[in-house]
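Let me begin by presenting the structure, written as structure tokens, before commenting on it.
Quick note: numbers below take in every heavy atom, side chains included, and nothing from hydrogens, waters or symmetry partners. Reminder, nothing fancy here: chain letters follow the sequence lines and each chain counts from 1.
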Number of protein chains: 2
Amino acid sequence: MDQVDIFKALSNKTRLQILNWLKQPQENFPEQVEAGFSEGVCVGQIQKKAGLTQSTVSEYLATLQRAGLVKSTRVGQWTYYKRNEEAFEALSDIVKSNI
Amino acid sequence: MDQVDIFKALSNKTRLQILNWLKQPQENFPEQVEAGFSEGVCVGQIQKKAGLTQSTVSEYLATLQRAGLVKSTRVGQWTYYKRNEEAFEALSDIVKSNI
DNA sequence: AAGATATATCGACTTTTCCCGATATCCCCA
DNA sequence: TGGGGATATCGGGAAAAGTCGATATATCTT
């Protein structure tokens, strides 16, 4: 994945919002209690909050994952997404000294 | 200028290259000697190196400037562009802690 | 004042992105 | 083992971005 694709993934208001929501899953996704948050938040919760269709949100999450910005875990019928913090640190360093 | 527009400005291989070239103007634009580099590099030099048309490069530089990533100075018939390093530091911080 | 040069803007066309509905796939459970 | 729920993928129409050639604007020179 090259830098252009990372920046493209970040070039969308909804995708930026999703990343931001995933910083505080407990606050932003109160409905998801039983499953805990260690694996992340499932697609349906994110979709509901984003107010876009399921297919759009699924595609957005795939885009973020291809860029390396989130990681996913499948548990039963659910896919949980969470931030990949290492990627943000690496990107921050790139912006600071390699662009 | 919001974050989305900054990331959009960075979502293009040529624009990333231009930003990178402007980190070392002396090395990357050896033809531009007489004018010095304190004000930056003029559009024509950047265009020649990018290998795209004048209108495209001019538009790219305008995009980078709207995003705050470069600054321009008009001197006679030339417009000199240089990096706005403060913007990169600010963006690095945003990526590290605000996205 | 006129021509030359540098840059910006405009109009058009192509490619990409956005976002949807429909459908397929995967997994659970009665 | 079949129905239902969660997610992924596909196909498409609308909007935006990429890129060009042509033209406009600004400035320098003579």
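Each of A/Ala62 and A/Trp78 was assigned the nucleotide of DNA chain D with the nearest heavy atom; the assignment lying further toward the 5' end belongs to A/Trp78.
Taking a pair as Watson-Crick or G-U with both hydrogen-bonding distances under 3.5 Å, the stems of three or more pairs touching DNA chain C are C:1-30 with D:1-30.
Using a 4.0 Å heavy-atom criterion, one finds that B/Leu52 contacts the sugar-phosphate atoms exclusively. Using a 4.0 Å heavy-atom criterion, one finds that A/Thr79 contacts the sugar-phosphate atoms exclusively. At the heavy-atom level, A/Ser11 lies under 4.0 Å from the strands shown only through sugar-phosphate atoms.
Side chain to side chain, A/Ser92 and B/Ser92 meet the donor-acceptor criterion of an N or O pair below 3.5 Å. Inspection of the B/Ser55 and B/Ser58 side chains reveals no N or O donor paired with an N or O acceptor under 3.5 Å.
Contact check, B/Asn12 against D/dA17: no side-chain N or O comes under 4.0 Å of OP1 or OP2. At C/dC19, none of the side-chain N or O atoms of A/Thr56 fall inside 4.0 Å of OP1 or OP2 (strictly under the cut-off). Residue B/Thr53 places none of its side-chain N or O atoms closer than 4.0 Å to OP1 or OP2 of D/dG21.
For the pair B/Arg83 and B/Phe88, the cation-pi criterion (under 6.0 Å, within 45° of the ring axis) is fulfilled.
A/Gln45 approaches A/Glu31 most closely through the heavy-atom pair OE1-CB, 3.4 Å.
Between A/Arg66 and A/Glu59, at least one side-chain nitrogen of the basic residue sits less than 4.0 Å from a carboxylate oxygen of the acidic one, meeting the salt-bridge criterion.
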